[in-house]
2 protein chains.
Amino acid sequence: MSDLSREEAELLHSQCCQAVADPKRIRIVYALHDKERNVTNLAGYLDTPQSTVSRHLKELLNRGMVTSRREGPAVVYSLTDDRIIHALDIMRQVLADTLRRQAQLVELLSD
Amino acid sequence: MSDLSREEAELLHSQCCQAVADPKRIRIVYALHDKERNVTNLAGYLDTPQSTVSRHLKELLNRGMVTSRREGPAVVYSLTDDRIIHALDIMRQVLADTLRRQAQLVELLSD
DNA sequence: TCCATGTATGCGGCTATCCGGACACATGGG
DNA sequence: CCCATGTGTCCGGATAGCCGCATACATGGA
C-alpha cells in the first residue's frame, strides 16, 4: 500500500474514533444499542435539543455507524454494527483500570 | 450513580476515544505497541516535528494510555495497556466492513 | 562549569467542532 | 389542500484542537 493511501486509511481510522469521541454521541450509540429510536425519542432521552441530536446522527450516519429508516413522518435510527459497543466497552475497561491505578497512587501519597 | 457522576464518566469515556481520534496519535499508539520509543525516534518515524510529537505524547500521558520513563537525557514512552490496540483493531475492522458495503453499493449503481 | 543531546512549553495562527434557536423541508391524515 | 408531526439545515458565536517555530528546561559527560 502506498504512503498516500496508508495515510488516508489512518485518517478514516481516526475519524471512526472521532465519531465516538463526544459524550453525547457515546450516549446515542449506547441508546441505539438498547433499541432503535427516532430523533425525537433520542432528544428526550438525552435531554438535548432536536437539532443537536439530528446533527450528531448525521455524523454517525456519514461514518456508517448507524442506519436510518423512514417510518411515516419519523426517521428511525439503529446501530449498524454491535462491535462498536464492544470497542467502547474495552475503552471503558481500560479507563476504569487507569482510574483505579491513579486512585492507588493518591492513597500512597496520603499515607 | 448520580446523573452528575454518570455525565462525568461519559466525559472521561469520550476523552479516551478522543485520545485516539487523531491520525498521528493512532500511529504513535501502534508504533509504541511495536516497541517502546523516545520522542526523537517517534519524530523520525512519523516524519513530524519533535514539538508536535511531544505534545501528542503529553495528551496520551494525561489519559494514562502511555507511560514515560527517563533514560539518560531521553524519555522513553511505552504503551500502558495493549487492550487499546485491541479496541483500535475492532474499529478498523468495522471501518473495513463499512467501506466494503459502500463499495458494493457503488457497483450496484454502475450496473 | 560548559556543552551536546534530548525534551517540553509559550506563542500565534488557522481550522474544526459543538451548540441552540429559527426556519425550511418531508410525510401522512383529515 | 392544509395542518400536525417529525426531521434536517442555515446561522452566528464560542470553544477547542492541531500545527511549526523558537526557546527554555533537563540530563549527563568532558
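Chain letters run A, B, ... following the sequence lines, proteins first, then strands; residues in each count from 1.
Side-chain N/O atoms of A:Tyr77 include none lying less than 4.0 angstrom from OP1 or OP2 on D:dG6. Phosphate proximity of D:dT9 to A:Lys58: present, with a side-chain N or O under 4.0 Å from OP1 or OP2. Residue A:His56 has a polar side-chain atom (N or O) positioned under 4.0 Å from OP1 or OP2 of C:dC19.
Taking the side chain of A:Ala74 as heavy atoms from C-beta on, and the options C:dC18, D:dT7, C:dT7, the nearest nucleotide is D:dT7. When distances are taken from the side chain of B:Val39 to each of D:dG6, C:dT7, C:dC19, the shortest belongs to C:dT7. Side chain of A:Lys24, nearest nucleotide from C:dA8, C:dC19, C:dG20: C:dC19. The side chain of A:Asn38 lies closest to D:dT7 when the candidates are C:dG20, C:dT7, D:dT7. The listed nucleotides are D:dG8, D:dC18, D:dT5; the one nearest the side chain of A:Pro73 is D:dT5. Side-chain atoms of A:Ser54 lie closest to D:dT7 of the nucleotides D:dT7, C:dC19, C:dG28.
Atom CG of B:Asn41 is separated from atom C1' of C:dT5 by 15 Å (rounded to the nearest Å). Distance B:Leu42 CG to C:dT7 P: 9 Å, rounded to the nearest Å. Between the CG atom of A:Leu60 and the C1' atom of D:dG8 there is a distance of 15 Å, rounded to whole Å. The nearest whole Å value for the distance from the CD atom in B:Gln18 to the P atom in C:dT17 is 10 Å. A:Arg55 has its CZ atom 14 Å from the C1' atom of C:dC23, to the nearest Å.
Between the side chain of A:Gln50 and the base of D:dG6 there is no donor-acceptor pair of N/O atoms closer than 3.5 Å. A donor N or O paired with an acceptor N or O is not found under 3.5 Å between the base of D:dG6 and the side-chain atoms of A:Arg70.
Residues A:Asp34 and A:Tyr45 have side chains that never bring a donor and an acceptor to within less than 3.5 angstrom of each other. Judged by distance alone, the side chains of A:His56 and A:Arg25 do bring a donor and an acceptor atom under 3.5 Å apart. For the residue pair A:Thr67 and A:Ser78, no side-chain donor N or O sits within less than 3.5 Å of a side-chain acceptor on the partner.
With the nearest nucleotide of DNA chain C identified for both A:Glu71 and A:Thr48, A:Thr48 has the one nearer the 5' end.
Nucleic acid contact for B:Ser51: base, since at least one base atom lies under 4.0 Å from a heavy atom of the residue.
Taking the six-membered ring for Trp and thresholds of 30 and 60 degrees, A:His13 and B:Tyr30 have ring planes inclined between 30 and 60 degrees apart.
Taking a cutoff of 4.0 Å between a charged side-chain nitrogen and a carboxylate oxygen, A:Glu8 and A:Arg6 do not qualify as a salt bridge.
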